[in-house]
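Below you'll find the structure, written out as structure tokens, and then a few comments.
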Amino acid sequence: MSAMYEVITSKTSVSQLNGVGEKTAEKLHALGIHDVNDVVFHLPTGYVNQSVVDLREAVHESSITVEGTVVTEPKLAFFRRGMSRLTCFMDINGIHTKVVFFNQPYLKEKLIINEFARLYGKFNKNKLEINGQKLIYDTSPGYTVRYSLNKTMHAKTFSKFVREVFENYDFNHDLPETIKKKYQLIPLREALYRLHFPADPDSLHQARRTVKFYELYQFQLKLMHKRQKERVRNEHYIIDYDIEALKHFTRTLPFELTGDQKTSVNDICRDFKQNVSMHRLLQGDVGSGKTIVAGICVYAVKTIGEQSVVMVPTEVLANQHYESFKETFKEELTIEKLTGTTSKKEKSRILEDLAMGNIDLLIGTHALIEDDVVFNRLSFIIIDEQHRFGVNQRQKLQKKSYRKNILYMTATPIPRTLSITTFGDMDVSIIREMPKGRKPVITSWHTFDELDYVMGEVKAALNAEHSTYVVAPLIEESETLDLKNVNEIYQIFISAFGEDTVELVHGRMKPEEKNSGMELFETLQKKVLISTTVIEVGINVPNATMMVIFNAERFGLSTLHQLRGRVGRSDKQSYCLLVSQPQTDNAKLRMEIMTSTSDGFELSERDLEMRGPGDFFGVRQSGLPQFKVADLTEDYRMLEYARKEAVSVFEQMGGV
Ligand code: ADP
Ligand code: MG
């Protein structure tokens, strides 16, 4: 092995390290460590501070190292399947402290009455008890390091490899000098070394800051490259729409656009006129008026005789979009809908018109990506709730385009930190401002004991001829949980308001039954709709001013917010009543947040704080980056700085 400095490349295999034979190499590979670079970046998962603290000053629930004298004979008890508990009392700084070790029976020999012991564990100040994690024999002060090694090797062994890498290889990764200076960061090599071989809290802190910044910065640079790739420069991508015709058209709309809507239209139209392909995300809460924005841009495309498409993930959404586009644009645009349930005859008519260029806007589901769907000139693609489509599906649709311009739309307000990590490769337009005259929904929280009050509120809405949504737990849910199920709730409402007023729709019904129930509610023949979930209520009834959610604690903040978005769709004051007896602090907090804000973006920030980025999008479908040291909830400010620096470096290199 060469002892000379070698630049680490991804090709320098771990097998070249001293003491790494075939077996060890295999173990390292299993941990995802293939080259020496991986060794350096396999960072500790935690540190044990071996510096002894005074128990009298120790904080409840903290992990600490203490020392003292064993005063009682350790007792060992075995229970289920070889699990064990070792208990003794120690005198630690004059405090008679109970010490418990789980599943380390061999420590019985090491804890000797009247003798000294030093241990590391978690301190319960209320019980004066330490849950011991290990005995410490090595009396050197400072830290020991923990690695995630899946029990394949000792942390000490791994440390040896790390040390060897640092000693024998040069390491050519670093942040630019200007950035290090500006943010008081240390060289990356030094920072990584300190993380593996920590000395004291201050130097560890500084090292962590540096590595975090490096991670976030690298990640942003990668996104910039991705963005560059999406924004292909080509004269062909220009949509040279007729600006006078568009201005005239905008004036004919029944209302004035909000400031955010105007900005968004301008963003998109600017993209049209540029010689780069559009790759933009339009974010806005339910009801913020995204449809109008998209529609105006579709009109722009139509002024040069070209076509647009809207792809949505579900049939319900396709219907909704179709209706709402039709309502606003039926005079100006030829709009058709294509889904899995479109009849054969209808479909062949649509496909013919589409190929002839007689359709300006086609709205549909996955059915759109089938091979027989051929456009005349598709130049504007709109994808709604894009995270629900696979990359392949999106690409298939893209391949049909004549000029590549894509607008993604989402009604899920996304906190900025997540927005610039998951969508950092896109340009973003945000509609935060609601249309004028819209009154925020007033939300209140009640317990089940206050049912009379809740029923009174519904009665008041009925007296004003307004409609009410009631969301109740599924039948299956309430078998296991202590919930009032949808049928019980239905009975309560029937006895209060009668069958002529109340309609029931739930997941167990046949589609025809559901549809007819929803229709009665939509046409205002019935004013109270009781249902089980959000999706089933995929309808727009501006007359509804009341949303009652039973057992609201079952839902996360974003679902509650989506449900609430069903009301407040007119100039009338709307209300949302949460009926809930939350059992956990977290659920309580959710109710409190719901009653304190109706701003979707603010809510999403709170949601992120509570759930953490991994859970924010539900399943791990989001393509969220996994950082080793950085934490998106904690380090959002650093993320902003890292982004700023990445953008400016990228621009200096001539990126778009
Ligand atoms: P989104 O698609 O964001 O959920 P929509 O585009 O469906 O919202 O708009 C919701 C409602 O608000 C529609 O009835 C629409 O006509 C109306 N609307 C949109 N923009 C405005 C505006 N600037 N002023 C008044 N009403 C508006
Ligand atoms: Mg809409």
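Indexing begins at 1, ligand by ligand and atom by atom, following the structure's order. This is a predicted model, so every value here is computed, not measured.
Ligand 1 lies less than 4.0 angstrom from a heavy atom belonging to Ser288. By the 4.0 Å heavy-atom criterion, Arg438 is counted among the residues contacting ligand 1. Under a 4.0 angstrom heavy-atom cut-off, Gln261 registers as being in contact with ligand 1.
Pro473 places a side-chain heavy atom less than 4.5 Å from the side chain of Arg554. Residues Cys297 and Leu407 form no side-chain contact, since every pair of their non-hydrogen atoms from C-beta on lies 4.5 Å or further apart. The shortest side-chain heavy-atom distance between Glu352 and Arg349 does not fall under the 4.5 Å cut-off.
Within ligand 1, counting atoms from 1 as listed, the ones closer than 4.0 Å to a heavy atom of Asp285 are 3 (O). Set against the non-hydrogen atoms of Glu256, the atoms of ligand 1 under 4.0 Å away are 22 (C), 23 (N), 24 (N). Here is the list of ligand 1 atoms found below 4.0 Å of a heavy atom in Gly289: 1 (P), 3 (O), 5 (P), 6 (O), 8 (O), 9 (O), 19 (C). Each of the atoms 4 (O) of ligand 1 lies under 4.0 Å from some heavy atom of Val286. For ligand 1, the atoms lying closer than 4.0 Å to a non-hydrogen atom of Thr258 are 23 (N). Remark: ligand 1 atoms within the under-4.0 Å shell around heavy atoms of Ile292 are 6 (O), 19 (C), 20 (N).
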Query raised in the report: When you look at His561 and Asp285, which way does the side-chain contact (heavy atoms from CB on, under 4.5 Å) test go after all the steps?
Result: CA-CA 9 Å; His561 183 63; Asp285 223 332; 2.8 Å; yes
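Only backbone heavy atoms of Leu257 (N, CA, C or O) come within less than 4.0 Å of ligand 1; its side chain stays farther off.
For Lys347 and Asp372, the salt-bridge test passes: some basic side-chain N is under 4.0 Å from an acidic carboxylate O. A salt bridge links Asp240 with Lys273: the closest approach of a Lys/Arg side-chain nitrogen to an acidic carboxylate oxygen falls below 4.0 angstrom.
For the pair Gly287 and ligand 1, the shortest N or O to N or O distance falls below 3.5 Å.
Side-chain atoms of Lys572 never come within 3.5 Å of backbone atoms of His466 as a donor-acceptor pair (strictly under, hydrogens ignored).
Tyr299 and Phe249 have parallel rings, their planes meeting at less than 30° on a 0 to 90° scale where 60° marks the start of perpendicular.
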